[in-house]
Protein chains: 2
Amino acid sequence: MTSPDSPSSIVGTAPGLPKTARGERTRTRILKAAEETFGTLGYHRAGIADITRAAGVASGTFYTYFSSKEQTLRELVQEMGRRLRAHLERETADAGDRLEAEEKGLRAFLQYLRDNPALYRVLQEAQFVDESIYRRYYESFGERYVRMLARATDRGEIRSGNDEVRVWALMGISNFIGLRYALWETEMDFDDIVATVSDLLRNGLAAGGGREKS
Amino acid sequence: MTSPDSPSSIVGTAPGLPKTARGERTRTRILKAAEETFGTLGYHRAGIADITRAAGVASGTFYTYFSSKEQTLRELVQEMGRRLRAHLERETADAGDRLEAEEKGLRAFLQYLRDNPALYRVLQEAQFVDESIYRRYYESFGERYVRMLARATDRGEIRSGNDEVRVWALMGISNFIGLRYALWETEMDFDDIVATVSDLLRNGLAAGGGREKS
DNA sequence: TTGAAACCTGAATCAGTATTCATGTTACGG
DNA sequence: CCGTAACATGAATACTGATTCAGGTTTCAA
């Protein structure tokens with residue numbers, strides 16, 4: 001665990017952060033329970049009672065730490081986003097070039113999503129509860145991504161082009177591939193998937209477009 | 001209670017289809033109102049009262065034609081999917097090859113989404129109301145798509161590869177590009193977007209991977 | 001023209017559930 | 001050891017909103 005984030009950055013923070021070790025523990029339990037419950041039941045079907053039951057506390061305790069169900073979702077989206085980014089950065093740190101980083105990134109994303117299926121549901125549902133948090137998530141993700149592509153272009157690893165559009169295309173690929181192969185049908189080998197996408201990114205689809213396989 | 005029709009094909013069809021011209025008109029008005037209301041307010045925030053108000057009928061009339069709010073969403077997803085597919089088929093019919101069809105298809109999709117923003121919201125929210133309808137939507141879309149890629153491979157237009165994975169990547173691209181550039185920020189020229197994606201599909205990203213621009 | 005089926009009405013019902021609050025219980029600095 | 005702030009409880013509150021229903025109105029085939 002890293003040190004707790006400064007509360008000043010978060011806008012609508014709850015009724016005050018916990019002041020004792022016990023409170024800290026309880027708050028964490030509730031947040032984890034919310035993640036699981038939203039992840040399996042979905043935001044709307046999940047009741048506060050479901051969350052508190054999963055956390056092993058009374059329903060009123062929820063409001064000691066969170067101002068509302070919606071606020072909890074917001075906090076969850078931010079935290080899950082941070083965790084995913086940290087994971088991806090760790091897993092792509094040793095890539096030799098951008099296209100290798102794309103491969104490692106996609107594989108890491110698939111693995112992460114399979115291990116944390118709640119991420120997908122919480123994030124996608126947040127879109128319709130509070131669109132701004134969803135936009136912020138992808139736009140901040142996209143900004144970093146654009147910078148990485150620009151650097152890769154400078155290094156001569158990829159052709160120059162409209163990197164913003166490319167980034168949204170890339171995020172779309174990960175998203176859909178993840179939904180299909182990490183959440184719905186998990187039997188296909190990640191290696192095959194990554195190889196196919198990598199080939200698409202390196203060479204495109206056109207016949208004779210890139211170097212041949214062998 | 002009159003003996004209800006027992007339609008064998010469709011499972012949860014409404015309380016019986018309209019039997020007069022007036023009924024037909026009213027049902028259509030309600031369905032259109034539901035599309036608009038779900039599209040702007042979202043499924044959960046939209047009440048039956050909102051829908052019937054928009055349709056100009058009493059709230060009870062809703063249940064003359066639809067068995068539930070959820071059932072209405074299901075019907076809407078199917079109908080909107082049919083309309084989109086018809087549109088895309090029309091717009092890509094005259095493409096000379098697969099990669100040209102991809103260009104025309106993406107442009108047509110963006111245009112359609114900008115003109116029918118409710119499509120996105122209704123479809124994405126349906127995912128969390130009844131996942132099966134959502135899966136069916138993309139899987140049936142995907143199956144046709146795979147067949148088209150296979151045919152294009154036979155014709156030598158694209159390299160052979162794992163077309164299923166490719167199709168999910170392609171659907172992801174359209175989806176995200178559409179969200180960003182047809183719904184959120186509509187000022188970028190579709191031509192730029194299509195050109196960028198087309199270049200990605202034809203040549204990939206790798207430096208020197210494809211034919212140079214000039 | 002007529003009567004039965006189809007259609008329309010909107011107030012009432014009814015269940016679910018986020019949030020509050022009055023009342024205990026626990027932690028811990030002094 | 002206290003005393004007090006922090007924490008925990010769960011029944012009660014307050015409200016929303018989908019669905020029903022008992023009765024009126026319109027349509028249309030005969």
Requested in this report: Under 4.0 Å from any heavy atom of chain B: name the first and the last nucleotide of DNA chain D that qualifies, 5' to 3'.
Outcome: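 The protein-touched segment is D:dA18 to D:dT27.
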Query - Interatomic spacing from CD in A:Glu164 to CD in A:Glu139 - rounded to 0.5 Å - result: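 Reported value, rounded in 0.5 Å steps: 9.0 Å.
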Query raised in the report: How many angstroms lie between atom CG of B:Leu119 and atom CZ of B:Arg114, to the nearest 0.5 angstrom?
Result: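 It is 15.0 Å, given to the nearest 0.5 Å.
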Report summary line: Expected string for nucleotides 12-30 of chain C under the B/S/- scheme (protein heavy atoms, under 4.0 Å, primed atoms plus P, OP1, OP2 as sugar-phosphate) is ------SBB-----BS---
Not counting sequence neighbours, which residues clear salt bridge (Lys or Arg N to Asp or Glu O under 4.0 Å) with [X]? List them please.
X: A:Glu89; result: A:Arg144
X: B:Asp115; result: none
X: B:Glu24; result: none

Taking atom types as modelled and ignoring hydrogens, do the side chains of [X] and [Y] form a donor-acceptor contact shorter than 3.5 angstrom?
X: A:Tyr120; Y: B:Gln127; answer: yes
X: A:Asn175; Y: A:Tyr138; answer: yes
X: B:Arg202; Y: B:Ser198; answer: yes

**Report entry** Any B:Lys69 side-chain heavy atom under 4.5 Å of B:Phe38 side chain
**Finding:**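 Contact flag for B:Lys69/B:Phe38 side chains = yes.
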Requested in this report: From the options B:Glu70, B:Gln124, B:Arg121, select the one residue that forms a side-chain contact (heavy atoms from CB on, under 4.5 Å) with B:Tyr43.
Outcome: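 So the option named by the test is B:Glu70.
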Query raised in the report: Between the two end axes of the helix from C:dT1-D:dA30 to C:dG30-D:dC1, each built from 5 base pairs, what angle do you get to the nearest 10°?
Result: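 The end axes of the helix from C:dT1-D:dA30 to C:dG30-D:dC1 are about 10° apart, to the nearest 10°.
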